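Note that ligands are numbered from 1 as they come in the structure, with each ligand's atoms numbered from 1 the same way. Source: prediction; values computed, not measured.
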Amino acid sequence: MATNERRTAAAVSRTPEAEGALKELFISEMKDIYWAELHLVKALPKMVDSATAIELKHVINNHLTQTKNHVIRLERAFESIGEKAEAVKCEAMAGLLKEAEQLVDETKKGTEVRDVAIISAAQKVEHYEIATYGTLKSIAATLGFTDAETIFSATLEEEKGADAMLSLVAENCINEGALLE
Ligand SMILES: [Fe+2]
């Protein structure tokens with residue numbers, strides 16, 4: 001069966017209760033990632049300060065600018081579905097940011113090993129965000145929230161881009177340097 005036909009079949013059989021439950025999950029995921037983005041705006045400058053390689057500082061700083069925009073986009077997405085923007089603590093992101101701080105504490109200032117640790121922590125954050133925005137995008141499509149779908153699609157691409165840039169920095173300069181220390 002073609003994907004479109006399968007989607008249509010699913011849409012036909014979905015009850016109002018199931019649609020309501022899906023919308024509830026959608027809003028709950030939005031509140032979770034809203035908290036995460038708000039906290040990333042505070043955490044990313046600390047990662048920039050702790051990093052040594054100029055390329056790494058640049059990539060994280062660039063993503064900080066994008067992250068501030070992700071917050072604004074989420075507020076627009078809430079508005080587009082008639083909901084008030086609200087943040088609910090994201091335990092996963094809280095844990096990832098705590099781990100990031102620990103990794104910095106456990107490594108020496110000015111070393112490439114610390115940079116590798118920062119990249120590792122930042123990529124774990126990005127992967128969490130990629131998973132969340134992927135889910136949000138697909139639920140938005142299912143529920144017919146086209147504005148939200150467009151918003152989450154744009155953010156998802158930026159998170160993937162940030163992840164790819166971090167991999168590039170790691171592969172190009174840091175991993176080799178860490179071995180030479
Ligand atoms: Fe983000």
Which of Leu40, Asp163, Thr155 passes side-chain contact (heavy atoms from CB on, under 4.5 Å) with Glu129? Answer is Leu40
_Donor-acceptor pair between His70 and Glu159 side chains, under 3.5 angstrom_ = yes
Under a 3.5 Å threshold, yes or no: a donor from one side chain and an acceptor from the other, between His58 and Glu55? no
- request: Verify the distance criterion only: is there a donor paired with an acceptor across the side chains of Thr52 and Glu112 at less than 3.5 Å?
  value: no
Taken to the nearest 0.5 Å, the spacing of Glu99 CD from Lys124 NZ works out to 4.0 Å
Shell check on the Fe ion (ligand 1): protein N, O or S atoms less than 2.8 Å away are Glu37 OE1, Glu37 OE2, His70 ND1, Glu129 OE2, Glu159 OE2
Quick note, ring-ring contact (aromatic ring centres under 6.0 Å, His included) partners involving residues 73-111, not counting sequence neighbours, are Tyr34-Phe78
